[in-house]
Amino acid sequence: MPDNGSPGELEDFIAAMIPATDTVWPRARRYVDSIPAEERKFKQQKTERARIHAWLATRREPRKMGAAIGTGDLDINAPSAKEFSKWLQCLFSFEQS
């Protein structure tokens with residue numbers, strides 16, 4: 001995870017940025033979860049990735065995860081996004097002497 005503390009992968013971070021008011025996200029999750037285990041082509045630990053990509057497929061311009069930030073589909077004001085942004089700013093800001 002981008003915070004170097006939470007378990008998970010990039011998709012878990014992205015899922016936390018999907019607005020709570022998004023009505024498609026629960027449907028994308030149910031769709032992926034309804035696929036019988038024996039019919040899934042992805043490993044169990046990649047379930048969140050499958051859910052994210054099912055959700056991304058419903059966007060006006062289906063694209064990769066990073067593009068969903070630019071289109072406004074992801075909430076850049078989500079707590080996890082703000083913490084990551086703060087960490088990046090701290091990491092890349094250099095004080096001039």
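Since the model is a prediction, treat every value here as computed from it, not as a measurement.
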**Report entry** Residue pair Arg60, Thr71: steps toward the side chain to side chain contact (heavy atoms under 4.5 Å, CB included) verdict
**Finding:** CA-CA 9 Å; Arg60 183 174 312 208; Thr71 60; over 6 Å; no

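- Note on Ile14 and Val32: separate hydrophobic clusters, where clusters join Ile, Leu, Val, Met, Phe, Trp and Tyr whose side-chain heavy atoms are under 4.5 Å apart, directly or indirectly.
- Between Leu56 and Arg63, every side-chain heavy-atom pair lies at or beyond the 4.5 Å cut-off.
- The CZ atom of Arg40 lies 14.5 Å from the NZ atom of Lys46; values are rounded to the nearest 0.5 Å.
- The shortest non-hydrogen separation linking Ser80 to Ala16 is OG-CB, 3.6 Å.
- Side chains of Glu9 and Arg49 form a contact here, defined as non-hydrogen atoms less than 4.5 Å apart.
- Put simply, OG1 on Thr58 and CG on Asp22 are 7.0 Å apart, with the number rounded to the nearest 0.5 Å.
- Using a 4.5 Å cut-off on side-chain heavy atoms (C-beta onward), Ile52 and Met65 make contact.
- Around atom CD1 of Ile76, no more than 12 heavy atoms belonging to other residues, nucleotides or ligands sit under 6.0 Å away.
- Annotation: side chain of Ile18 is not in contact with side chain of Asp75 (no heavy-atom distance under 4.5 Å).
- One hydrophobic cluster, built from ILVMFWY side chains closer than 4.5 Å, holds both Leu88 and Leu74.
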Query - Pair Arg59-Glu61, side chain to side chain contact (heavy atoms under 4.5 Å, CB included): steps then yes or no - result: CA-CA 5 Å; Arg59 304 297 86 195; Glu61 294 287 331; 5.9 Å; no

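- Contact detail for Pro62 and Ala57: the closest heavy-atom pair is CG-O, 3.6 Å.
- At a threshold of 4.5 Å between non-hydrogen side-chain atoms, the residues Arg51 and Tyr31 do not count as touching.
- For the pair Met17 and Asp73, the minimum side-chain heavy-atom distance is 4.5 Å or more.
- Trp25 and Ile35 fall into different hydrophobic clusters, where Ile, Leu, Val, Met, Phe, Trp and Tyr are joined by side-chain heavy atoms under 4.5 Å apart, directly or via other members.
- To the nearest 0.5 Å, atom CG of residue Leu91 and atom CZ of residue Phe84 are 9.0 Å apart.
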Report task. Apply side chain to side chain contact (heavy atoms under 4.5 Å, CB included) to His53 and Glu48, showing your working. Result -> CA-CA 9 Å; His53 286 281; Glu48 196 69 359; over 6 Å; no

